[in-house]
Novice: 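After the C-alpha cells below, expect a handful of questions from me.
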Amino acid sequence: MSAPPDPAARVRFAPSPTGFLHVGSARTALFNWIYARSVGGKMLLRIEDTDEARNRPELVDLIYDLLSWLRIDWDEEPVFQSQRRERHRTAVESLLGSGAAYLCDADNQPVAGTTLRPGLAARFRMPAGRTVTFADVVRGEVSFASDDLEDFVVWRSAGAATFLLANAVDDVDMGVTHAIRGEDLLSGVPKVVLLLEALGVEAPTYAHLPLLVNASRKKLSKRRDDVSLGDYRARGYLPEAMANHLALLGWGPADDTEIRPMAEIIEQFRLTDVNRAPAFFDTKKLEHFNGVYIRSLSTTEYLRRSGPWLGEAAPWPAERMRPDVLEALAPVVQEKVRTLGDIGRYVDWLFLAEPPIDDESWRKAMSAPAAPAVLDDAISTYAEADWTPEAAHAAALALAERHGLKLGKAQAPIRVALTGRTVGPPLFESMVLLDRHEVLRRLRVARHRLAAQRT
Ligand code: GLU
C-alpha cells in the first residue's frame, strides 16, 4: 500500500558545496526524494553556497552529477543561497525593527539602531522563560527552555547572514513543508522555531534522520572511513546497489526483503517509520548488494558498465585487449566480482605481455616440493593436449594423479605461472583463451624463474 498522497508536500536537499559529497548527505538527498515521490510532492534543491572561502562552483556540478548518478531527480530550478543575500538582510532588518534582534559592535556590546551597517553584527534576543515544543517526525516531541539558549548571531559584521538565519528563511520562502535532514542539525531547531515565530511565519515540519556509524559504532569520519560517494562510484559500485543500501539507513521494509527495486521502496516508504537509532553504514553489506546487482545484469550490460575500467584506466596497453577474449570470459568474471572495478584483476593477465606476478601467490604455490616437476609435466602435457577447456581439465587431472596430488594442489603452480595469482577465474576455461604458444612460454618462464630461485 502506498503512502497517502500529499501533492502539496515540498521537500529539499540543501547541500553546501564545500567538499566531496558525503554518503550521509546522499542518504539525506535520497530520503527526501523517496518521500517526495512516495506522496506525489516536490523535490527541491538548494545550494547553500554562502561560504565564499570554501565554495567551489565545480563542486555544484559534482553534486548534480552524483545525484543524477543515483537516479535522484528534482523539480524546479535549484535555488542558490548566495543569490538571496538581500532577502536575508531584509529578514534581519525586520527582526531589528520589531526588537526581536539587536545590533552589536566588535566587542559584542549592544548598539542602538535598526539598520545594518559595516562592522556591526546582529543577535537574536532570546525571550526569557519560554518553553518551546516542536514535533520531529523521527525524534518525537522535542521541548526546550529558552533560558538555556543564548542570544545567537543572525548577521555577521562581515556583512552576511549566518547559517541558521539563511537556512530558516530560505525554507520558508521556498514553501518547504518538511525539512528532512541529518541529526547533526537537530540542535539548531529551537533557535529556528523562535526566529521564525518572531518573523511571523511557520516553521516546516522537521524530520531528523539518524546518524550514520561505522562498524565500531562511531560516527562516520573522513579520516577513518570511506565516506565520499564519488569514490564509491569510481571503484565500481552500481548506483542501484548504492541507492538500495542508502535507503535502508534508518528505514526498512515491513517484509524485511532488503534488496529490491527503488519503485518498491518508494511504494513502501513512510517517513513516520524512520527510526532514530544510529544507522550502520555497512561497507560489507554494500559490497554484497553490489555483487547481487552486478550478477542481475545481462553479460552485455555488465561489460558495457565495466567500460570505464577496461579503457584508459586499464593496466594493459589498449592494443593488447581482445574483445573476443573478454566476452568469452565475462560470464564467469561477472559471477565473482564485487565491484565493476574488480574486472581488471580477473582479466589483466590475458592482455599483459607478462602475467602480473603476486609475490605472496608465487611463494605459496611455488614452495610446494612438487612445483618444479608439476611445471615440467605441464609443459609437455599442454604441448599435446587438445585446446579446449574440457581437454585442459582432463589433462590436469591426469597430471595431478601422476604426482599424487589433488587437482587444486597440482593446479596452483600452473595457475600462478599463467595468471600471476592463486585466485582468479576458472583456470581451464580461461587458459585456452590464450594461445597454446603463449601458455607454454609462460610455463617455461616460471620454470626458469623457479630453478633460479632454488639454486
Ligand atoms: N547545508 C546544510 C549542510 O550541508 C544542510 C542544511 C539543511 O538541510 O537544513 O549540512
Novice: Determine whether more than 12 heavy atoms belonging to other residues, nucleotides or ligands lie under 6.0 Å from atom CD of Glu77.
Specialist: no
Novice: Mind checking what makes ring-ring contact (aromatic ring centres under 6.0 Å, His included) contact with His178, not counting sequence neighbours?
Specialist: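 In terms of ring-ring contact (aromatic ring centres under 6.0 Å, His included), with neighbours along the sequence ignored, His178 is linked to Tyr35.
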Novice: Atom CD of residue position Glu150 - does it have more than 12 heavy atoms of other residues, nucleotides or ligands inside 6.0 Å?
Specialist: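 More than 12 heavy atoms, drawn from other residues, nucleotides or ligands, come within 6.0 Å of this atom.
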Novice: Pairing donors with acceptors under 3.5 angstrom, does anything connect the side chains of Thr299 and Gln334?
Specialist: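 Distance-only check passes for Thr299 and Gln334.
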Novice: A quick test of your reading: do over 12 heavy atoms of other residues, nucleotides or ligands sit less than 6.0 Å from CD of Glu401?
Specialist: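 Count not over threshold, so no.
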Novice: Check whether Asn32 reaches the backbone of Val11 with its side chain - one donor and one acceptor, N or O, closer than 3.5 Å.
Specialist: no
Novice: Does the Lys NZ or Arg CZ of Arg217 fall within the cation-pi geometry relative to Phe280 - under 6.0 Å from the ring centre and within 45° of the axis?
Specialist: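 Because its charged atom sits under 6.0 Å from the ring centre and within 45° of the axis, Arg217 does stack over Phe280.
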Novice: Taking the side chain as everything from C-beta on, heavy atoms only, tell me whether Trp251 gets closer than 4.5 Å to Leu209.
Specialist: no
Novice: Out of the candidates Asn167, Asp171, Val172, Asp173, only one should pair with Val169 under the side chain to side chain contact (heavy atoms under 4.5 Å, CB included) rule; please name it.
Specialist: Asp173
Novice: Does the ring centre of Phe31 sit less than 6.0 Å away from the ring centre of Phe269?
Specialist: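 That pair passes the under 6.0 Å test.
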Novice: With a 3.5 Å cut-off and no angle check, do the side chains of Asp342 and Thr339 form a donor-acceptor pair?
Specialist: yes
Novice: Hey, mind stepping through Asp255 and Arg260 against salt bridge (Lys or Arg N to Asp or Glu O under 4.0 Å) and telling me if it holds?
Specialist: CA-CA 11 Å; Asp255 61 7; Arg260 62 197 318 156; 2.6 Å; yes
Novice: If we only count heavy atoms from C-beta on, is the His245 to Phe281 side-chain gap below 4.5 Å?
Specialist: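 His245 vs Phe281: side chains touch.
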Novice: Around atom NZ of Lys222, are there more than 12 heavy atoms of other residues, nucleotides or ligands at under 6.0 Å?
Specialist: no
Novice: If the threshold is 4.0 Å, N to carboxylate O, is there a salt bridge linking Arg345 and Asp358?
Specialist: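 So Arg345 does not pair with Asp358 through a salt bridge.
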Novice: Does Gln268 offer a backbone N or O that forms a donor-acceptor pair with the side chain of Arg270 under 3.5 Å?
Specialist: yes
Novice: Cation-pi check, Arg442 to Trp349: give yes when NZ or CZ is under 6.0 Å from the six-membered ring centre and within 45° of the ring axis, no otherwise.
Specialist: no
Novice: Check whether NZ of the Lys or CZ of the Arg Arg84 lies under 6.0 Å from the centre of the six-membered ring of Phe80 and within 45 degrees of that ring's axis.
Specialist: no
Novice: Measure the shortest side-chain to side-chain distance between Pro355 and Arg421 over non-hydrogen atoms and say whether it is less than 4.5 angstrom.
Specialist: no
Novice: Output the distance between atom CG (Leu66) and atom CG (Leu229), rounded to the nearest 0.5 Å.
Specialist: 5.0 Å
Novice: Counting C-beta onward and ignoring hydrogens, is there a side-chain heavy-atom pair between Arg27 and Pro210 closer than 4.5 Å?
Specialist: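 Yes; the side chains approach each other to less than 4.5 Å.
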